[in-house]
Amino acid sequence: MTSSENPRLGWIGLGSMGLGMANNMQKHLKEKDMPSMRYWNRTLSRGEALQEIGGIPCQSIGDLVQNCDIIFISVSNDAVLTNIIDEITSSGPIPSKTIVDTTTVHPTTTSAVAAKLTAQNASYIAAPVFGASPLAIAGTLLIAVAGPDPAIQKTSPFLQGVIARAVIPVGPDPAQALLLKTTSNLITAGMTYLLSEAHTLAAKSGLPAAVLESLVEQNLGPYAHGVSRRLTSGAYFPPRGEEAMSGLELGIKDVAHGVGLAGEVGMRVRVGELYLEAAREAERVGRERGRGLDSSAVFGVVRVRAGLEFETEGVRVREGKGKE
């Protein structure tokens with residue numbers, strides 16, 4: 001088969017989100033008897049589990065790019081993405097290659113990246129994902145896509161049902177997908193902050209958390225319930241040695257993009273500002289405790305402001321500090 005009929009895939013970036021998506025992609029390729037996916041990560045050993053199911057490690061980004069037709073990227077921030085794009089564009093000829101970027105960055109970064117790639121006749125698709133690492137592992141993320149339609153059509157067989165439960169088409173402008181993701185991050189931040197206050201009020205007034213959570217689930221739906229569970233389960237303060245579902249530093253970065261964008265169009269998003277203030281307080285707590293916290297760790301700050309411990313009783317028991 002030609003590469004257009006049976007494209008060679010590559011994956012750059014194996015953080016908690018990237019590794020989950022990459023594993024699902026390689027499983028899909030293996031099931032369909034398609035060429036194995038090549039992968040690269042700054043710490044290549046991070047991909048050992050991926051190699052065990054057939055993934056092919058590459059020693060450099062250039063090696064991966066020159067041996068793949070569709071390259072997925074999942075990295076942590078704007079600066080890392082920009083550096084990787086520079087390596088891609090300096091790796092050799094890239095006409096007809098498609099770059100699918102799942103990273104959450106500022107829309108202006110997306111526009112700059114798209115311009116660099118299209119100048120070398122490569123196609124760029126912005127494809128930010130919605131959801132935390134458990135959904136990436138399960139292959140049930142939501143994904144938005146924006147870019148040239150032919151490239152999206154080429155990529156679509158590897159999205160829904162492989163790394164995502166559904167795809168939201170946004171249009172031809174990649175920056176629009178990041179505007180959507182930034183807006184979503186503000187909604188999530190607001191919901192996290194609001195539910196943190198609601199659960200803290202319940203704790204202060206004697207309403208059982210399980211009763212409030214039942215209301216959230218039945219009246220506000222599964223997404224709000226998922227946010228609530230990150231608080232009540234103790235996921236906001238991960239056990240020592242375990243990765244957060246979504247790191248606090250990423251939450252700060254993502255919401256700061258939204259607050260900044262609002263300022264650029266002459267408005268304020270006060271819920272985003274409330275989240276950032278609390279998240280930065282939580283970041284200090286994490287440093288003091290020597291612990292990486294989840295993006296929902298604003299819950300602990302709201303609790304402290306109300307005169308409670310940062311950790312719920314359930315977390316304290318888990319940590320060996322509370323009552324059994």
Side-chain angles (χ1 to χ4, degrees), residues 3-4 6-30 32 34-42 44 46-47 49-51 53-58 60-77 80-85 87-89 91 94 96-105 109-110 113-114 116-117 122-131 133 135-137 139-148 150-165 167-168 174 177-178 181:
S3 61
S4 62
N6 209 0
R8 302 164 299 167
L9 270 59
W11 198 283
I12 296 172
L14 298 176
S16 58
M17 294 293 289
L19 184 58
M21 289 188 283
N23 278 331
N24 287 322
M25 189 73 75
Q26 173 55 28
K27 289 174 185 176
H28 174 76
L29 296 176
K30 191 172 183 178
K32 297 297 182 182
M34 296 178 69
S36 289
M37 184 176 68
R38 286 174 162 80
Y39 66 87
W40 179 89
N41 191 61
R42 184 174 57 184
L44 202 55
R46 175 83 175 165
L50 186 55
Q51 187 175 10
I53 59 173
I56 302 171
C58 292
S60 69
I61 289 174
D63 177 35
L64 182 147
V65 170
Q66 292 305 314
N67 286 284
C68 293
D69 305 300
I70 301 175
I71 298 102
F72 288 80
I73 301 174
S74 175
V75 292
S76 58
N77 58 47
V80 175
L81 175 64
T82 299
N83 288 337
I84 284 172
I85 296 301
E87 290 199 48
I88 289 173
T89 55
S91 68
I94 58 171
S96 78
K97 296 187 184 295
T98 299
I99 312 300
V100 184
D101 180 19
T102 70
T103 309
T104 298
V105 295
T109 300
T110 296
V113 164
K116 284 182 182 179
L117 291 168
S123 297
Y124 177 74
I125 298 172
V129 295
F130 303 75
S133 54
L135 297 186
I137 293 168
T140 55
L141 294 164
L142 184 62
I143 189 166
V145 294
I152 290 174
Q153 293 301 316
K154 184 194 303 184
T155 306
S156 62
F158 307 105
L159 301 179
Q160 188 166 343
V162 181
I163 63 173
R165 69 181 187 274
V167 177
I168 300 176
L178 274 302
K181 178 61 189 292

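Scope of the values below: all heavy atoms of this structure, side chains included, with no hydrogens, waters or symmetry mates. None of these values were measured; they are calculated from a predicted model.
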For the pair Lys154 (side chain) and Thr98 (backbone), establish whether a donor and an acceptor sit closer than 3.5 Å, ignoring hydrogens and angles.
-> no

Inter-residue atom distance Leu14.CG - Trp40.CH2, 0.5 Å rounding | 9.5 Å

How many angstroms lie between CE in Met37 and CD1 in Ile53, if you round to the nearest 0.5 Å?
-> 7.5 Å

Is there side-chain contact between Leu29 and Gln26, with heavy atoms separated by less than 4.5 Å?
-> yes

Classify the angle between the aromatic ring planes of Trp11 and Phe72 as parallel (below 30°), tilted (30 to 60°) or perpendicular (above 60°).
-> parallel

In short, Thr109 meets Leu81 closest at the heavy-atom pair CG2-CD2, 4.4 Å

Contacts of Tyr39 meeting ring pair (Phe, Tyr, Trp, His ring centres under 6.0 Å) (sequence neighbours excluded), chain-then-number -> none

Just jot down the side-chain hydrogen bond (donor to acceptor under 3.5 Å, both in side chains) partners of Ser91, sequence neighbours excluded, or say none.
-> Gln66

Rounded distance (nearest 0.5 Å) linking atom CG of Leu117 with atom OG of Ser123 | 9.0 Å

Give a yes or no answer on whether the side chain of Lys181 reaches the backbone of Val129 with a donor-acceptor pair at less than 3.5 Å.
-> yes

Which is it for Leu9 and Met25 under the side-chain contact (heavy atoms from CB on, under 4.5 Å) test, yes or no, and what are the steps along the way?
-> CA-CA 9 Å; Leu9 270 59; Met25 189 73 75; 3.7 Å; yes

Would you check if the side chain of Asp101 reaches a backbone N or O of Ala126 as a donor-acceptor pair within less than 3.5 Å?
-> no

One should read off an interatomic distance between Thr82 OG1 and Lys116 NZ, to the nearest 0.5 angstrom, of 5.5 Å

Output, in order, the C-alpha distance, side-chain angles, deciding distance and verdict of side-chain contact (heavy atoms from CB on, under 4.5 Å) for Met17 and Leu141.
-> CA-CA 10 Å; Met17 294 293 289; Leu141 294 164; 3.7 Å; yes

Spell out, as yes or no, whether a donor-acceptor pair under 3.5 Å connects the side chain of Thr140 to the backbone of Arg165.
-> no

Measure the spacing between CD1 of Ile71 and OG1 of Thr155 and express it to the nearest 0.5 Å.
-> 10.0 Å

Residues forming a side chain to side chain contact (heavy atoms under 4.5 Å, CB included) with Ile137, sequence neighbours excluded | none

Atom of Ile94, atom of Ala122 and distance for their closest heavy-atom approach | O-CB, 3.5 Å

Considering all heavy atoms, the nearest Pro35-Asn6 contact | CD-OD1, 3.5 Å

Is Asn67 close to Arg38 at the side-chain level, that is, under 4.5 Å between some pair of heavy atoms?
-> yes

What heavy-atom pair brings Ser36 and Ile56 nearest, and what distance separates the two atoms?
-> CB-CD1, 3.9 Å

Would you mind telling me which of Ile61, Ile85, Val80 makes a side chain to side chain contact (heavy atoms under 4.5 Å, CB included) with Ile73?
-> Ile85

Identify the heavy atoms of Val145 and Ala127 that sit nearest to each other, and give their distance.
-> CG1-CB, 4.0 Å

Find the distance between CG (Leu178) and OG1 (Thr110) and round it off to the nearest 0.5 Å.
-> 3.0 Å

Of the non-hydrogen atoms in Leu44 and Pro57, which two are nearest, and what is the gap between them?
-> CD2-CB, 4.0 Å

